[in-house]
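What follows is a short report on a single structure.
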Protein chains: 2
Amino acid sequence: MANIQQVAKQAGVSVATVSRVLNGQSTVTAKTRIKVEDAIKKLNYEPSLLGRNLRNSESRILLILIPKIANPFYLDIINGIETAALSQNYNILLCETDSNPERENIYFDLVRKKMADGIISMDPAVNIDTLTELAERHAIIQCSEYSEDSGIPYVTIDNEEAAYRAVKHLIKIGHENIALINTDEKYLYARQRKAGYRKALEEQNIPVNEDNIYYTQHLGFEYGQHAMKKILGSKNRPTAVFAVSDLLAIGALKEINSYGLSVPEDIAVVGFDKIDFSNMTNPTLTTIAQPMHRMGTIAAEMLIDKIKGADVESIILDHELVIRESTSG
Amino acid sequence: MANIQQVAKQAGVSVATVSRVLNGQSTVTAKTRIKVEDAIKKLNYEPSLLGRNLRNSESRILLILIPKIANPFYLDIINGIETAALSQNYNILLCETDSNPERENIYFDLVRKKMADGIISMDPAVNIDTLTELAERHAIIQCSEYSEDSGIPYVTIDNEEAAYRAVKHLIKIGHENIALINTDEKYLYARQRKAGYRKALEEQNIPVNEDNIYYTQHLGFEYGQHAMKKILGSKNRPTAVFAVSDLLAIGALKEINSYGLSVPEDIAVVGFDKIDFSNMTNPTLTTIAQPMHRMGTIAAEMLIDKIKGADVESIILDHELVIRESTSG
DNA sequence: GTGAAAGCGCTAACAG
DNA sequence: CTGTTAGCGCTTTCAC
């Protein structure tokens, strides 16, 4: 494997000149350039990023922190990040924390040790104190889930407003007894979406019944199934369900079917996220669409700006209610 | 940000000694060690991997090449790879090629330029010539999908045998008119699974009807739906379907439901892969389980061995037929 | 327009 | 047991 010295010798120039050609600097004569390019070709030379990165004190690697790769919610965001990153010559390291602090720390270490230039955190369970501390000396952006107090710039949607619209839609088509399947309120989005649910009900003077609010520990499909089982067994069975994630909603859907009831005739269902599978269920799922891809590209651009030393402002993006079969007979 | 020199000065020792402490070498006095550790703490020092990696001529990064992150098939394998990699202090760069040669080349360049130490390729659409050429100078392992000719070590299952068992199961429960939903035969696994399908039929003297074999361009859900639509419209409607991927099978399931027929009463369905969602459908899907996680850890271990210069042998792992509702009324 | 030389931060061979 | 020093491969000033 040739290095820059051997190329220089082969071309009969100095390493500085080879470096100039490599970096496309225009201060090189056409003639010299050709000589160098020939030598590169002849030796099959590839510049080492290890050398370059050390010299430039950068790794050109971006960390993405997510709790679970398996959660389809992140897919489009990741794609957006990747597109933006690649276009600026950055690569992304996808880090699944599994909500495990040890794993998280392995990845934090990567930026502490300069193997990564910055972090996009999408993990609701991230240790926000450590993240905040890290943000003092490193570039960090929060995406989707965030903590206002941390002072770390974020890009997200208005979760309260989105949940409000979802529930308002259910009310508009005639429902009053609406259950909420929420996750643990330690997560900001859970609190925000619940607030939206409350707001929609209260606005129509429908009393908020705490018994109608169900909490799950995780976002998995089975948890939605489980919550729905409880709902179906309750005394005053709701006629509609709003779940704070599609995965939960799809679980609910399945449980309703197994129970012998129909969606939306007996019970209407609304999800949140518009994951791919929300279109594959029977019936298809009414849900809230977030501009995932855009959120990703914006997060990446914010991060890269921050790495370059720029000041970066938080952004709130638009969302959309997608009405499908699960709320329209 | 302190460097090793400043730590050495602070501790009143040489950089070599600091390096020894960092790397846990036992040739350092307890007293000196303490001095160094104190200095490290005091300066909040973190060793730079950029420097270390250049010096060691390694990046400790492993590339994983997959066509689509969104394909749930890869999730567990990736998890397995990650577990094995992390335990040996490697990190993984998840590379989605989108079956796009340009993207692929960006990632290949990463190993050419020493920013990655090796590749685990799971992309059936990979440019095998380039990969083979790359394998001359770099560590590469094929996982799941492979090319025998390339000479690159692989870990996979016996696709023909697995498909054979799946179809045999359908025959055993009474089916004779069995359709196959396959993908493009440019992929080895497609050819192998079809061979298994043939073998099972021929073994029972059931003639193989080419009209019963349907091809899809991609592995997506919609393609399964589409293929099933054709099958339902055929003159001599099959009573069972074997799809070479769960995604296709789930699409077929949905189409059958929309058509007003029942699974498995009217048509039995078998998939392949045992992705998480195969358990969320109604009815749940009979499918072939591959030891994904193990396949991942083995692939990672093979790759790391290869990076270290060892000789590595290909491995074929066991699979399992998981019988669920879609084939048992 | 090109070259010489310093240095990014680290490890390891060698000497003592 | 510890220090001196060379060098991993590259970029970038500073001279000429």
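By convention in this document, chain letters (A, B, ...) are assigned in the order of the sequence lines, proteins followed by strands, and residues within each chain are numbered from 1.
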Measure NZ/A/K113 against C1'/C/dC8 and give the value in whole Å, please. 19 Å
Under a 4.0 Å heavy-atom cutoff, the residues of residues 26-45 of chain A touching DNA chain D are A/Y45
Among C/dC8, C/dC10, D/dT11, the nucleotide that comes nearest once only the side chain of A/S57 is considered: C/dC8
Between C1' on C/dG1 and CG on A/N23, what's the gap in Å once rounded to a whole number? 16 Å
C/dG3, OP1 or OP2 - any side-chain N/O from A/T17 closer than 4.0 Å? yes
Enclosure of A/D184 CG (heavy-atom neighbours >12, cutoff 6.0 Å): yes
Between B/V13 and B/G51, whichever has its closest DNA chain D nucleotide further toward 5' is B/V13
Atom CG of B/L49 and atom P of C/dC8 are separated, to the nearest Å, by 18 Å
For a quick test of your reading: what N or O donor-acceptor pairs under 3.5 Å do the side chains of residues 120-129 of chain B make, sequence neighbours left out?
from: B/D123; atom 1: OD1; to: B/A125; atom 2: N; distance (Å): 2.9
from: B/D123; atom 1: OD2; to: B/T97; atom 2: OG1; distance (Å): 2.8
from: B/N127; atom 1: OD1; to: B/D129; atom 2: N; distance (Å): 3.1
from: B/N127; atom 1: OD1; to: B/T130; atom 2: N; distance (Å): 3.1
from: B/N127; atom 1: OD1; to: B/T130; atom 2: OG1; distance (Å): 3.2
from: B/N127; atom 1: ND2; to: B/T130; atom 2: OG1; distance (Å): 3.0

Could you tell me if B/Y189 and B/T156 have a donor-acceptor pair between their side chains, going purely by distance under 3.5 Å? no
In terms of heavy-atom contacts, does CD of B/E133 have more than 12 from other residues, nucleotides or ligands at under 6.0 Å? no
Ion pair check, B/D109 and B/R112, cut-off under 4.0 Å: yes
Can you check whether A/N3 has a side-chain N or O nearer than 4.0 Å to OP1 or OP2 of D/dC8? no
Within the modelled atom types, does a donor on one side and an acceptor on the other bring the side chain of A/R55 and the base of C/dG9 under 3.5 Å apart? no
Between CZ of B/R20 and C1' of C/dT11 the distance, given in whole Å, is 10 Å
Remember a base hit wins even if backbone is also touched, and classify B/N53 as base, sugar-phosphate or nothing at under 4.0 Å, heavy atoms. nothing
Which whole-number value in Å describes the distance from A/L54 CG to C/dG7 C1'? 9 Å
Applying a 4.0 Å non-hydrogen cut-off, can you work out what B/L50 is touching in the nucleic acid: base, sugar-phosphate, or nothing? nothing
Does a side-chain N or O of B/R52 approach OP1 or OP2 of C/dT11 to a distance below 4.0 Å, or not? yes
Can you check the B/K9 NZ to D/dT4 P distance for me, whole Å? 13 Å
Atom CD of B/E301 and atom CZ of B/R294: how far apart are they, to the nearest 0.5 Å? 10.0 Å
Report the distance from atom CD of B/Q5 to atom P of C/dC10, rounded to the nearest whole Å. 8 Å
Nucleotide nearest B/P47 (side chain, heavy atoms from C-beta), chosen from C/dC10, C/dA4, D/dG3: C/dC10
How about B/D311: does its CG atom have over 12 heavy atoms from other parts shown lying under 6.0 Å from it? no
Tell me the interatomic distance from B/Q25, atom CD, to C/dT11, atom C1', rounded to whole angstroms. 9 Å
Which nucleotide wins on minimum distance to the side chain of B/V15, given the candidates D/dT5, C/dG9, C/dG3? D/dT5
Does OP1 or OP2 of D/dG9 have a side-chain N or O of A/S48 closer than 4.0 Å? no
